Peer 1: 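Just dropping this structure here.
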Amino acid sequence: AGVGGPNAAYTGSNVYGTNLTGSYSDSSDYRLVAGPYDLSSLRHTELRFARWLRSEPGFDIARVQVRLGATGAWNTVWEGFGRDSSWVPVRLDVASLVDNEADVYVRFQLTSDVGTVDAGFYVDDLSFCGEETPGIGGKVKYKANVLDDSNPAYANNNGALDLNET
């Protein structure tokens, strides 16, 4: 890894990074695209990964983006710079963009200007996590909550919150 970058992966033995043997270059645009991911059965979805980011503050900017389909528009879910000195676990709420979608891509990007360079952007243990969407007739049960579904205008009085009940 570049000076100030990781000496090992967050877990396992592999890691993605801008330059695994040195610093990133001036006036560059590094991109890592992963996918497609089928998230058609997830809701309340989070994008999770470990990052190690060292970039010039205010000038060399990292971005995390998602898109639907191979040609959809990229939506930025995080951007900034980093001065990390160890791996940082990251959790980003992407539910409004990717819940129940079957063709999701994620992109990690680092753009640099002229002048100062640093170790770069390293990513490990990428995953999408969420709650499984109940199928037709599926039920979500709440253990710690009292649920009153006795009003026939919006429920069926079975003690569980069924699909389409409010």
Side-chain angles (χ1 to χ4, degrees), residues 1 5-6 8-18 20 29-55 61-111 120-166:
Y10 184 65
T11 63
S13 58
N14 296 314
V15 62
Y16 293 102
T18 49
L20 299 178
D29 185 356
Y30 296 90
R31 300 173 186 192
L32 168 68
V33 177
Y37 296 95
D38 182 354
L39 308 179
S40 59
S41 66
L42 288 184
R43 64 183 180 186
H44 309 296
T45 308
E46 290 182 340
L47 171 61
R48 296 181 185 182
F49 58 95
R51 83 151 201 228
W52 190 310
L53 175 59
R54 289 191 63 85
S55 60
I61 304 301
R63 287 175 194 80
V64 180
Q65 301 171 311
V66 295
R67 79 173 176 201
L68 303 180
T71 60
W74 288 107
N75 296 286
T76 301
V77 295
W78 181 88
E79 73 177 6
F81 60 89
R83 304 305 297 157
D84 300 340
S85 58
S86 63
W87 285 104
V88 176
V90 176
R91 295 170 60 167
L92 300 173
D93 180 354
V94 294
S96 65
L97 298 169
V98 304
D99 272 7
N100 300 305
E101 295 291 344
D103 195 21
V104 177
Y105 291 79
V106 60
R107 177 168 75 180
F108 298 90
Q109 181 179 28
L110 176 66
T111 55
F121 196 3
Y122 300 84
V123 177
D124 200 2
D125 294 350
L126 169 65
S127 65
F128 284 95
C129 300
E131 180 179 286
E132 188 171 1
T133 305
I136 295 173
K139 298 177 181 179
V140 177
K141 294 191 178 197
Y142 297 92
K143 292 181 181 179
N145 296 330
V146 175
L147 177 64
D148 179 12
D149 74 336
S150 60
N151 183 336
Y154 61 84
N156 64 3
N157 199 26
N158 69 350
L161 184 61
D162 300 307
L163 191 64
N164 297 321
E165 289 184 346
T166 57

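Computed from a predicted model, the values in this text were never measured in an experiment.
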Peer 1: Rounded to the nearest 0.5 Å, what separation is found between the CD atom of E132 and the CG atom of L42?
Peer 2: 7.5 Å
Peer 1: Considering residues at least two apart in sequence or located in another chain, which fulfil the salt bridge (Lys or Arg N to Asp or Glu O under 4.0 Å) criterion with R51?
Peer 2: D84
Peer 1: Kindly indicate whether the side chain of L126, heavy atoms from C-beta on, has any atom under 4.5 Å from the side chain of L47.
Peer 2: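 Touching, per the 4.5 Å side-chain cut-off.
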Peer 1: If you take all heavy atoms of R63 and I61, which pair is closest and at what distance?
Peer 2: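 That closest heavy-atom pairing would be NH1-O, 3.7 Å.
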Peer 1: Listed by chain and number, what are the side chain to side chain contact (heavy atoms under 4.5 Å, CB included) partners of E101, not counting sequence neighbours?
Peer 2: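 Result, side chain to side chain contact (heavy atoms under 4.5 Å, CB included) vs E101: L68, V104.
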Peer 1: Given side chains that start at C-beta, do those of Y122 and D124 come closer than 4.5 Å, heavy atoms only?
Peer 2: no
Peer 1: Let me check something: any side-chain donor-acceptor pairs from residues 10-17 under 3.5 Å, sequence neighbours excluded? List them with distances.
Peer 2:
unit_1, atom_1, unit_2, atom_2, d
T11, OG1, D125, OD1, 2.7
T11, OG1, D125, OD2, 2.7

Peer 1: Might you point out which heavy atoms bring A70 and D103 nearest each other, and give the distance in Å?
Peer 2: N-OD2, 3.9 Å
Peer 1: Determine which pairs satisfy salt bridge (Lys or Arg N to Asp or Glu O under 4.0 Å) with at least one residue from residues 64-73, sequence neighbours left out, and list them in order.
Peer 2: none
Peer 1: What are the two closest non-hydrogen atoms of L53 and A62, and how far apart are they?
Peer 2: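 Closest heavy-atom pair between L53 and A62: CD2-CB, 3.7 Å.
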Peer 1: Not counting sequence neighbours, which residues clear salt bridge (Lys or Arg N to Asp or Glu O under 4.0 Å) with E46? List them please.
Peer 2: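 E46 satisfies salt bridge (Lys or Arg N to Asp or Glu O under 4.0 Å) with R48, R91 only.
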Peer 1: Please report the closest heavy-atom contact between V106 and W74, naming both atoms and the distance.
Peer 2: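 Where V106 meets W74 most closely, the heavy atoms are C-CZ3, 3.9 Å.
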Peer 1: Distance check, rounded to the nearest 0.5 Å: S41 atom OG versus D99 atom CG?
Peer 2: 10.5 Å
Peer 1: According to ring pair (Phe, Tyr, Trp, His ring centres under 6.0 Å), does anything in residues 29-52 pair up with another residue at least two apart or in another chain? List the pairs.
Peer 2: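 Only Y37-F128, F49-F108, W52-W87 qualify under ring pair (Phe, Tyr, Trp, His ring centres under 6.0 Å).
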Peer 1: Is the side chain of R83 donor-acceptor paired with the backbone N or O of S55 at a distance under 3.5 Å, no angle test?
Peer 2: yes
Peer 1: What's the shortest heavy-atom distance between R43 and N100, and which atoms?
Peer 2: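 It is CB-ND2, 4.5 Å.
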Peer 1: Hey, does N75 have a side-chain heavy atom less than 4.5 Å from the side chain of Q65?
Peer 2: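 Not in contact.
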